[in-house]
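Computed from heavy atoms alone, side chains included, the values below leave out hydrogens, waters and symmetry copies. All of these numbers come straight from a predicted model, not from anything done at the bench. Chain A is the first sequence line, chain B the second, and so forth, proteins listed ahead of strands; every chain is numbered from 1.
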Amino acid sequence: MSEGIIYWLQQALNALQLGSIYALIALGYTMVYGILTMINFAHGDVFMIGAFFCFLLSSTLNLTFVPTLLLTMIGTAILGVLIERLAYKPLRQAPRVSAIITALGVGMFLENFTLALAPYPKHIPMLLENVTWNFYGITLSSIQLVIISLSLGLMLLLDYIVQRTTIGMAMRAISWDKTFVPLMGIPVDFIISITFAIGAGLAGAAGTMYALAYPVIDPYMGIMVGWKAFICAVVGGIGNIRGAMAGAFILGTVEIMVVAFFPSTFRDFVAFTLLMVLIMVRPYGILGKPRIQKV
Amino acid sequence: MNKNTNLQLEVCNLEVHYDGIQALHGVSFTINKGEIVTLIGANGAGKSSILRAISGITPFNGDIIFEGQNLKSVPAHAIVGLGIAHVPEGRGVFGNLTVKENLQLATWQRKDKEAINSDYEHIFTLFPKLKLRARQLAGTLSGGEQQMLVVGRALMSRAQLLLLDEPSMGLAPKLVQDIFSIIQEINAAGTTVLLVEQNANMALRIATRAYVLEVGHVVLTGSGLDLLGNPRIKAAYLGT
């Protein structure tokens, strides 16, 4: 193979890794928006808490990768449900801006709570043996392979849950119109809790995988990654699950390509500009549909 | 007074408020097993509020007793499990779900898989159009088909009491006929029906008994046929 093709395939692989992590987080934003039309701005910090859970489990309890991942996902899922029950549910009838401000507050609480307990950046121990393989000049690391395949697996699982199970059906029904869902005998609060649990669980998985790839973590790591994942969700069409996945891989690709051509400081500037242009052209996102406002 | 053993639903002094505006001022009425009871009245008389209170999606004062159980503190999703199904006004299909999924949603609390499958067949024989469109998104159905879907969906919960809010609204006269004969069929199969209708003429023809509502009060009651012949009803609701 020519050098050019090898170079591009290598970049595509890197984009896939970055996009996978964005996708796992973007799904949480889009699912919560889908059923509550609310942006959960604390979601990026749930991802950060996931990375810290991963740190605690792996360095303090010396757990290996699989139990660390599973317990982290369970931990963040419980955190997500608690956040919804304690902070958002009491405000469900309140003006939307109250819920948004509360979400920002919850995010700051999580950051500063973590900062108080862990004032210095933490190093995650090596959870996986880092092996690299070389295929015709393209290098693939075991960490990359795990991140990409696990993320794709989780996304397929989520897609199955949403499209094929009765819980997923209830989620879709709530996103269409919440008022009549109880008339089907479906407890709406339970479905909302499940949604938060799944979204936060995926953020926990993303936190663990991020910690695998970039093993130094700090309490503010969720802010930028959270914003970017939120933008992925908007670009894909907020509320649309497949859209969030598409948006994440687009942003991952853009970021990797910018770094390939420009100084790396240009990355976020170019990425955000491109995304703003895309939003101007398609305000409802790539896979989103313009919803007619019901009167 | 001898105790009525046929009594299925008893509504006592029902009051409903929306943001400080009172929609119902102490409404009382009863429904017996196997009846078709209709509530008639102008827009804003409070008919829909009564149904919403019974199915638990609107908070209320007063008492609603179904099969001896007070529904006051029962959440809406549990009321379905007790045997009350509500077909809301304006259809309320989930347009992003397929026809089959809409029907399936209503079986959320049921565990009897085989009976559920035979109920699908039953719904599809009642409404053959729905069978043809089973895999289509409900949002793509015509108004009449959507109405059939919501009635079918309510039946999937195996309700003993069916609350129907304006099932004829926006339908062509032929379809209105169809819907009313299906209501009678469902009733003949043993389901009690509480019917709210603007089309008082049709509703009174099939009703066992009727209650007339005006601005949140029951002002008149009688059998369907009596009210059809009542001059006051004729002038106010039948346009004759």
Side-chain angles (χ1 to χ4, degrees), chain A residues 30-31 33-37 85 89 92-95 159-195 236-244 284-285 287-295, chain B residues 19 48 51-52 54-59 71 74-111 113 116 137-139 146 149-159 162-165:
Chain A
T30 220
M31 289 175 73
Y33 185 87
I35 69 164
L36 290 179
T37 56
R85 284 283 150 131
K89 195 175 168 223
R92 224 177 272 160
Q93 312 302 328
D159 201 66
Y160 176 83
I161 291 174
V162 171
Q163 299 299 333
R164 294 272 173 268
T165 67
T166 45
I167 296 240
M169 219 181 275
M171 287 175 181
R172 284 181 284 139
I174 291 175
S175 78
W176 182 263
D177 186 348
K178 213 166 34 225
T179 35
F180 296 142
V181 174
L183 298 180
M184 309 294 107
I186 298 169
V188 173
D189 287 342
F190 171 71
I191 304 293
I192 290 174
S193 289
I194 296 272
T195 309
I238 188 128
N240 185 308
I241 285 177
R242 290 175 185 174
Y284 36 84
L287 293 181
K289 291 188 188 80
R291 257 308 258 289
I292 296 147
Q293 193 73 43
K294 273 179 264 177
V295 187
Chain B
D19 295 327
S48 296
L51 300 195
R52 295 171 67 92
I54 296 172
S55 64
I57 52 176
T58 290
L71 301 185
V74 184
H77 64 86
I79 287 176
V80 180
L82 296 176
I84 299 179
H86 179 179
V87 176
E89 186 182 358
R91 311 206 171 99
V93 300
F94 298 107
N96 58 340
L97 269 59
T98 66
V99 168
K100 182 77 186 284
E101 286 175 333
N102 266 273
L103 295 174
Q104 201 183 335
L105 265 191
T107 65
W108 182 271
Q109 301 203 354
R110 292 179 60 183
K111 300 278 172 275
K113 228 176 168 172
I116 289 174
L137 289 184
Q146 291 193 12
L149 177 56
V150 287
V151 172
R153 197 174 63 187
L155 294 177
M156 285 307 294
S157 68
R158 288 241 170 144
L162 184 61
L163 314 175
L164 291 168
D165 201 347

Query raised in the report: With side chains defined as the heavy atoms from C-beta onward, is the minimum distance between A:Arg242 and A:Asp159 less than 4.5 Å?
Result: yes
Requested in this report: Measure from the side-chain N and O atoms of B:Asn96 to the backbone N and O of A:Arg172, and report whether any donor-acceptor pair falls under 3.5 Å.
Outcome: yes
**Report entry** salt bridge (charged side-chain N to carboxylate O under 4.0 Å, His left out) partners of residues 180-190 of chain A, not counting sequence neighbours, each pair once
**Finding:** A:Lys89-A:Asp189, A:Arg92-A:Asp189
Query - Any residue of residues 102-109 of chain B which, by heavy atoms, sits under 4.5 Å from chain A - result: B:Gln104, B:Leu105, B:Ala106, B:Trp108, B:Gln109
Query raised in the report: Do A:Lys178 and A:Val188 come close enough that some side-chain heavy atom pair is under 4.5 Å?
Result: yes
Query - Nearest-0.5 Å distance, CE of residue A:Met169 to CZ of residue A:Arg164 - result: 9.0 Å
Query raised in the report: Could you give the distance from CZ (A:Phe190) to OG1 (A:Thr195), rounded to the nearest 0.5 Å?
Result: 9.5 Å
Report task. Check whether B:Arg110 gets within reach of chain A through its side chain, its backbone, both or neither, counting any heavy atom under 4.5 Å. Result -> neither
Query raised in the report: Which answer fits B:Val150, side chain, backbone, both or neither, if we ask what part of it has an atom under 4.5 Å from a heavy atom of chain A?
Result: neither
Query raised in the report: Got a donor-acceptor contact below 3.5 angstrom from the A:Ser175 side chain to the A:Ile35 backbone?
Result: no
